[in-house]
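See below for the structure under consideration.
No hydrogens, no waters, no symmetry mates; every other heavy atom, side chains included, goes into these values. Throughout, numbering of the chain's residues begins at 1 and tracks the sequence. Keep in mind that what you see is a predicted model, and the values were worked out from it rather than measured.
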Amino acid sequence: MKRVVVGLSGGVDSSVAAYLLQQQGYEVIGLFMKNWHDDSVTISNECPWLEDSNDALLVAEKLGIPFQTVDLSEEYKEKIVDYMFNEYEKGRTPNPDVLCNREIKFDVFMKIALSLGADYVATGHYCQKSEIEVDGKTVYQLIAGNDVNKDQSYFLCQLSQEQLSKALFPIGALTKPEVREIAAEMELVTAEKKDSQGLCFIGKVRLPEFLQQKLQPKEGKIVQVDKNDPIYTAAKSADLSLEEELKLESQKLEYLPTMGKVVGKHQGAHYFTVGQRKGLNVGGTTDPLFVIATDVETNTIYTGLSSQHPGLFKKALFVGESEVHWIREDLTLKAGEKMEVMARIRYRQSLQKAVLHQFEHGMYVEFEEPQSAITEGQFVAWYLGNELAGSGVIS
């Protein structure tokens, strides 16, 4: 009998995942990960993790499976929280959820599970796994979840073949309503529970307040750049190589404070991210203002009017060589090769037609349509059909 450790989060998805595995004849153990308990930054008096671990325990009791809590807050602090501060300090926008899966759920947590004699680790993610044979070797595929609205394959875009080989996603073929239905039939306490929002580990935390513990507020200017600024119509020379052209397409524009008018003040450029429109507190504009660039060196935020401002759009992005990650290692591109894919630059974005261009020092992802708010530090993931083949950090 194969043994599976399920990460029971206290939510409906992982509860149903545990039940389904039980039905499939696995020996199931439930583990709750306690990841974060710095009460100085949570917003409300609720203690979400206590409530969640209690729900997870009730589910385990109902299913009659062994249950324990593991405290991973040390590893979290080191691998996730510090990563977030470092990225924000560099003026990049991290994605803790993607990292949390790579570094915690399918690494630290997986090692604990394997030490308990588990053959697999299972989570309540909406994604699927299949396997094929390539040159006589088993290759694992990460496939999108069947529920188009809930597909979470993007969050697992950094997993490796080894991690996938030990992973199970029991609810990947179901839709959210079907999952809730099963939970209700089984009278699981989590059947009606709302989906958790917010960062995978901080729960109800306001990001700027969280960041302010480490990154000191300092006042800077908010500059508004006109959509007809010459920076957007800079002439391109005709005889560029493909690589030079892609480099131009993906490059950050060099804004200067003199290029626009000062429309307000802010408390620190590193609290803002490209594409953001809330929290600027600048009134009296005809259309909403969007952040088009931040400069942590000069502590300036550049903004543009409306979601169609040219400063928001780029046709290409770059991923440095060390940050190109293939789940399907057998498909890795060599320098000079290219591949047509569908790609997304954030969770829930609909897939976009794109071409990957591999060069010596990294990879360019060139989109058919210009993309809004390509954000440094976030992940781009590329798909072949419904299979997520690889991903990289946008640089």
Inset, instruction - Establish, yes or no, whether a centroid distance under 6.0 Å links the rings of His361 and Phe318. - result: yes
Inset, instruction - Verify, without hydrogens or angle tests, whether Arg180 (side chain) and Ala191 (backbone) share a donor-acceptor contact under 3.5 angstrom. - result: yes
Legend entry - Any donor-acceptor pair under 3.5 Å from Glu323 side chain to Gly320 backbone: no
Might you confirm whether atom [atom1] of [X] has over 12 heavy atoms from other residues, nucleotides or ligands at distances under 6.0 Å?
{"X": "Glu61", "atom1": "CD", "result": "yes"}
{"X": "Glu187", "atom1": "CD", "result": "no"}
{"X": "Lys247", "atom1": "NZ", "result": "no"}

State whether [X] and [Y] are salt-bridged, where the test is any N-O pair (Lys NZ or Arg NE/NH1/NH2 against Asp/Glu carboxylate O) under 4.0 Å.
{"X": "Arg328", "Y": "Asp330", "answer": "yes"}
{"X": "Arg92", "Y": "Glu376", "answer": "no"}
{"X": "Arg344", "Y": "Asp151", "answer": "yes"}
{"X": "Lys176", "Y": "Asp13", "answer": "yes"}
{"X": "Glu366", "Y": "Lys338", "answer": "no"}
{"X": "Asp107", "Y": "Arg102", "answer": "no"}

Does [X] belong to the same Ile/Leu/Val/Met/Phe/Trp/Tyr cluster as [Y], with side-chain heavy atoms less than 4.5 Å apart forming each link?
{"X": "Val6", "Y": "Leu168", "value": "yes"}
{"X": "Met339", "Y": "Tyr364", "value": "no"}
{"X": "Leu246", "Y": "Val341", "value": "no"}

Does any part of the side chain of [Y], heavy atoms only, come nearer than 4.5 Å to the side chain of [X], both counted from C-beta?
{"X": "His125", "Y": "Asn101", "value": "yes"}
{"X": "Val296", "Y": "Lys90", "value": "no"}
{"X": "Gln161", "Y": "Ile327", "value": "yes"}
{"X": "Leu159", "Y": "Leu142", "value": "no"}
{"X": "Ser73", "Y": "Lys34", "value": "no"}
{"X": "Asp97", "Y": "Phe379", "value": "no"}
{"X": "Lys193", "Y": "Leu188", "value": "no"}
{"X": "Arg277", "Y": "Phe290", "value": "yes"}

Legend entry - Residue list, side chain to side chain contact (heavy atoms under 4.5 Å, CB included) with Lys353, at least two apart or on another chain: Met342, Glu368
With distance as the sole criterion, is a donor-acceptor pair present between the side chains of [X] and [Y] under 3.5 Å?
{"X": "Thr175", "Y": "Glu178", "answer": "yes"}
{"X": "Tyr383", "Y": "Ser153", "answer": "yes"}
{"X": "Thr190", "Y": "Ser15", "answer": "yes"}
{"X": "Glu321", "Y": "Gln358", "answer": "yes"}
{"X": "Gln141", "Y": "Ser130", "answer": "yes"}

To check you understand the geometry: which heavy-atom pair defines the closest contact between [X] and [Y], and what is its length?
{"X": "Ala167", "Y": "Phe106", "result": "CB-CE2, 3.7 Å"}
{"X": "Lys166", "Y": "Asp119", "result": "CD-O, 3.8 Å"}
{"X": "Cys157", "Y": "Ser391", "result": "O-OG, 2.7 Å"}

Inset, instruction - Could you tell me how the ring of Tyr347 sits relative to the ring of Phe155: parallel (under 30°), tilted (30 to 60°) or perpendicular (over 60°)? - result: tilted
Legend entry - Gln371: which of Arg346, Gln352, Lys314, Lys315 passes side chain to side chain donor-acceptor pair (under 3.5 Å): Gln352
